[in-house]
Trainee: 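So that we are looking at the same thing, I have put the structure below in structure tokens.
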Amino acid sequence: MKRVLMIAFHFPPLAGSSGIQRTLRFARHLPAFGWQPLVLTAMPGAYERIGDDLDQDLPAGLVVRRALAFDAARHLSFRGRHTGLLARPDRWMTWQFDAVRVGSGMIREFRPDVLWSTYPIATAHLIAEKLHRRYKVPWIADFRDPMAQVGYPADPKTRAAFERIEEVALTNAALSVFTAPGAAREYRARYPKCSGRVRVIENGYDEESFLAGETDAAKLGPLTPGAATLLHSGIVYSSERDPSHLMQALSDLKRAGAIDGGRLRVRFRAPLHDNLLISLARRFNIEDIVEVLPPVPYREALVEMLRADALLVLQASNCNLQIPAKLYEYFRARRPLIILTDPDGDTAKVALDAGIARVARLDRADDIAALIDDFLEEPRFGSGLLPSEDAVRAASREGRAEALAGLLSEAALSSSDRRNFTTEFATQASAGVTMASTLNPLVSVVVPTYNCEKYLSAALDRVLSQDYAPFEVVVVDDGSTDHTLDVLATYENRVRVFRQSNRGPAAARNVAVREARGEFLAFVDGDDLWLPGKLSAQMAYLEKNPESKVVYGSWYEWYPDKDGSFPEQIFEIGDESLALEEANSGWVYSKLLMDSIIHIISAVIDRSVYDAVNGFDESLESGSDYDFWLRVSRNFQVAKLRRNVAVYRQNPASITSFPRKDDNAYRLLRRAIDTYGLEDGMGNGVDSRMFARRLSSLAFMHGYLHYRKGDPQIASSSFARAWRENPLYWKAAGLAVAAGIKSRLIKAGLIQSPSGWSRADRVRD
């Protein structure tokens with residue numbers, strides 16, 4: 001069974017929101033259509049009101065994980081006020097921080113095929129977008145209703161946040177879903193490039209819940225014996241469901257003697273804005289007719305609908321692209337519907353299509369009064385306000401879940417097709433078949449490896465799961481003595497494999513580049529990892545900025561535990577835009593003299609860059625990538641994206657863990673300044689005294705490693721070199737003498753030599 005991770009703020013034990021039902025019922029019915037739901041929601045403390053009445057409706061075995069969230073208005077306010085930053089895009093924006101962490105864990109644990117997020121609240125889409133970008137799981141954005149509208153939200157900054165979120169969702173989600181046809185039309189027009197990915201799944205009712213309530217309704221009888229009761233169940237808003245014209249209509253009917261409290265009751269159940277309704281009833285002198293009652297559990301609310309004489313819908317013209325979720329539950333209650341709305345809106349269209357003979361304008365008191373009077377005066381008139389049986393059957397939540405299952409399969413299939421395209425290209429390239437692409441150039445991924453059987457599969461899998469196409473993977477095995485070749489055999493034609501005797505990573509990279517066919521080169525070593533989206537982001541930048549030849553990003557360093565195993569760790573991608581980290585972009589030669597700021601696994605380069613600097617220096621036992629970047633940076637500007645793109649595994653068996661005979665870092669820096677000096681292409685230079693301290697530090701570290709577990713004679717020479725670069729470094733001078741004495745004592749057999757480093761231990765630089 002396939003899996004869908006459902007990201008929804010509105011979920012039990014939250015009480016008082018019809019939005020709960022959409023996610024809850026989807027989760028209940030999807031397994032019947034081959035999809036196992038997993039739910040990511042908020043901690044109950046984030047909800048204003050909770051209840052346990054829906055606990056019995058949660059499917060057995062449903063996986064529900066909750067993330068920490070705060071309500072800015074209740075938890076983050078001071079004297080009733082809170083900063084707007086904590087309420088954009090909504091009051092629960094803090095949910096996203098822990099939800100991304102929890103969602104990442106769920107993705108790693110359950111491997112869902114699709115992500116599904118539902119609005120409101122808007123933060124749900126932010127969470128889904130981050131998880132989608134990080135793990136490349138296809139995403140369906142369930143908008144329900146339009147987000148940014150003219151005048152809504154009222155705060156311009158919040159409205160701008162809504163606009164950004166909907167643009168990101170429409171652009172990146174595999175499908176975007178709305179509950180009303182008008183909303184879908186609006187967004188197809190608003191985002192024409194995404195119009196083919198917009199769908200409609202309306203809200204509905206749950207048959208099981210109504211069946212359970214029908215017996216109770218029959219036993220209890222009418223809500224108000226001897227009088228007709230019109231019931232509005234749910235929130236009333238001052239604008240979107242403005243009740244003032246309804247109150248005026250009731251007042252007019254009362255003054256005309258058509259109604260009084262003994263003939264008609266209008267009940268508002270859980271309207272939220274109680275004071276608004278009470279004040280209007282008092283103002284229009286209809287307090288004997290209007291009832292304002294508190295919330296009740298969901299099943300009791302359904303029983304109340306079944307007992308009402310008619311059900312009341314309020315929907316203003318500023319919500320013409322929306323349909324109240326309760327309308328479909330009203331359909332199932334099979335009670336006459338008094339629908340007050342704009343005849344041109346989606347609510348009216350759905351009602352009229354369902355067989356409702358007449359609606360009245362919400363902003364016309366005379367229309368409302370006429371509709372209510374006709375309903376009360378002519379008993380047979382009520383039959384014209386009932387939905388057809390076909391409309392009732394079509395609105396079941398089970399049918400809506402079947403429709404969603406189809407969209408989930410569509411999203412999963414489209415993602416599979418994209419992955420297969422990447423793999424298919426790699427297979428064809430390995431067989432010598434060329435594939436032309438009018439959109440993207442071919443990238444060759446260079447993978448040198450030596451005795452990395454434990455980590456190689458993870459490295460290759462991360463590469464092959466990249467969402468950019470086309471690319472090829474070129475692996476050069478540098479004379480491994482473990483089971484590296486057996487691991488590579490499992491990848492068959494997905495990678496191109498070459499083998500050489502052990503000559504070091506620089507030589508392996510050079511061989512791979514000679515065999516590569518790509519216009520661009522990317523690099524990863526056999527024990528390191530790429531983060532999701534690395535290749536697509538960097539290629540997007542290079543294609544958008546054709547003058548750039550080198551782009552790189554930040555990387556993580558992953559350290560093992562004492563037992564040599566690597567603890568599970570979340571590696572955040574961070575800034576996923578194409579924005580640059582200006583401080584480390586441009587001419588960076590002088591920065592590189594002071595620090596190795598570019599890691600080979602974090603970069604993509606134009607092949608002409610490699611050719612211009614004659615590749616990697618194979619004479620360097622280690623540090624060949626640092627030397628490569630020094631030469632590149634003296635001839636080319638570079639661009640650094642503000643995002644993390646790779647993970648450098650601190651392999652315990654790596655040669656970076658052992659002292660080497662040659663101090664390659666010192667050597668290559670000396671060579672660089674002898675060739676290029678201390679200035680970059682813009683004339684920016686490094687202070688000579690600072691650089692001397694840099695050289696002194698490198699020599700001292702090389703000496704210290706040998707002093708502890710290497711050759712003390714080499715240590716003495718390195719300490720002496722550190723002192724020459726920085727004559728004030730008296731510690732280096734003292735250790736040079738101590739290392740020399742230690743070397744003589746070893747030669748005399750008076751002390752034992754420390755265990756040294758063997759070339760056979762070499763893995764990589």
Side-chain angles (χ1 to χ4, degrees), residues 3 5 7 38 40 43 63 65-69 94-112 115 126-137 445 447 449 451-467 487 522-538 552-577 581 595-603 625 640-657 763-765:
R3 296 187 175 113
L5 175 56
I7 303 165
L38 316 161
L40 170 58
M43 292 286 191
V63 175
R65 301 279 170 85
R66 298 184 182 276
L68 186 65
T94 53
W95 180 40
Q96 64 184 297
F97 304 118
D98 193 44
V100 171
R101 179 190 66 83
V102 175
S104 295
M106 296 179 76
I107 290 174
R108 290 194 297 268
E109 181 178 355
F110 298 105
R111 305 286 183 182
L115 303 176
L126 289 178
I127 296 165
E129 192 267 342
K130 287 180 170 60
L131 293 174
H132 164 69
R133 282 193 175 273
R134 182 178 301 174
Y135 297 102
K136 301 307 173 187
V137 180
V445 182
V447 187
T449 185
N451 285 353
C452 288
E453 62 170 317
K454 288 175 59 177
Y455 312 116
L456 184 56
S457 289
L460 293 177
D461 288 345
R462 287 296 189 97
V463 172
L464 292 171
S465 65
Q466 292 289 309
D467 59 341
V487 173
F523 306 87
V524 67
D525 290 349
D527 53 354
D528 295 330
L529 304 172
W530 278 359
L531 294 178
K534 172 194 186 292
L535 204 54
S536 59
Q538 293 180 312
Y552 72 108
S554 297
W555 67 92
Y556 288 99
E557 293 191 359
W558 194 8
Y559 293 90
D561 290 328
K562 292 180 180 180
D563 61 0
S565 62
F566 287 84
E568 183 175 346
Q569 191 169 334
I570 296 175
F571 298 108
E572 302 281 351
I573 292 175
D575 191 329
E576 297 182 356
S577 69
E581 185 179 302
D595 189 17
S596 181
I597 63 171
I598 307 177
H599 200 300
I600 191 70
I601 65 174
S602 75
D625 53 344
K640 183 180 183 183
L641 296 185
R642 275 195 320 221
R643 64 181 284 160
N644 300 307
V645 297
V647 178
Y648 171 50
R649 192 193 300 265
Q650 290 281 7
N651 187 342
S654 169
I655 62 172
T656 54
S657 304
V763 177
R764 48 158 295 165
D765 62 0

Trainee: Return the set of residues passing salt bridge (charged side-chain N to carboxylate O under 4.0 Å, His left out) with D98 (not counting sequence neighbours), or none when no residue passes.
Mentor: R101
Trainee: Indicate yes or no: at least one non-hydrogen side-chain atom of V645 is less than 4.5 angstrom from one of S554.
Mentor: no
Trainee: In terms of side-chain heavy atoms, does S104 have a donor or acceptor partner in Y135 at a distance below 3.5 Å?
Mentor: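 Yes, side-chain donor-acceptor contact under 3.5 Å.
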Trainee: Counting only heavy atoms not in R108 (residues, nucleotides, ligands), do more than 12 fall under 6.0 Å from its CZ?
Mentor: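 Yes, CZ of R108 has more than 12 neighbouring heavy atoms, counting only those of other groups under 6.0 Å.
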Trainee: Evaluate side chain to side chain contact (heavy atoms under 4.5 Å, CB included) for R462 paired with L531, printing each intermediate quantity in order.
Mentor: CA-CA 7 Å; R462 287 296 189 97; L531 294 178; 4.0 Å; yes
Trainee: Side chain to side chain contact (heavy atoms under 4.5 Å, CB included) with Y559: which residues, sequence neighbours excluded?
Mentor: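 Result, side chain to side chain contact (heavy atoms under 4.5 Å, CB included) vs Y559: E557, Q650.
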Trainee: Quick one: do K136 and D467 make a salt bridge, cutoff under 4.0 Å?
Mentor: yes
Trainee: Who are the salt bridge (charged side-chain N to carboxylate O under 4.0 Å, His left out) partners of E576, not counting sequence neighbours?
Mentor: R133
Trainee: With sequence neighbours excluded, tell me which residues meet salt bridge (charged side-chain N to carboxylate O under 4.0 Å, His left out) with D461.
Mentor: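 Salt bridge (charged side-chain N to carboxylate O under 4.0 Å, His left out) check on D461 returns nothing, list empty.
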Trainee: With no hydrogens and no angle check, just 3.5 Å: does a side-chain donor-acceptor pair link S602 and K640?
Mentor: no
Trainee: Do the side chains of R65 and E109 get close enough for a salt bridge, i.e. N-O under 4.0 angstrom?
Mentor: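 Counted as a salt bridge, because a side-chain N and a carboxylate O are separated by less than 4.0 Å.
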Trainee: What pairs with Y556 under side chain to side chain donor-acceptor pair (under 3.5 Å), at least two apart in sequence or on another chain?
Mentor: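 Y556 satisfies side chain to side chain donor-acceptor pair (under 3.5 Å) with N644 once adjacent residues are dropped.
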Trainee: Quick one: closest heavy-atom pair of Q96 and I127, and the distance?
Mentor: CA-CG1, 3.5 Å
Trainee: Over 60° means perpendicular and under 30° means parallel, so classify the ring planes of W555 and H599, tilted if in between.
Mentor: perpendicular
Trainee: Can you list the residues that meet the salt bridge (charged side-chain N to carboxylate O under 4.0 Å, His left out) rule with R642, with sequence neighbours excluded?
Mentor: D575
Trainee: Between V63 and M106, which heavy-atom pair has the shortest distance, and what is it?
Mentor: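 The answer is CG1-CE, 4.3 Å.
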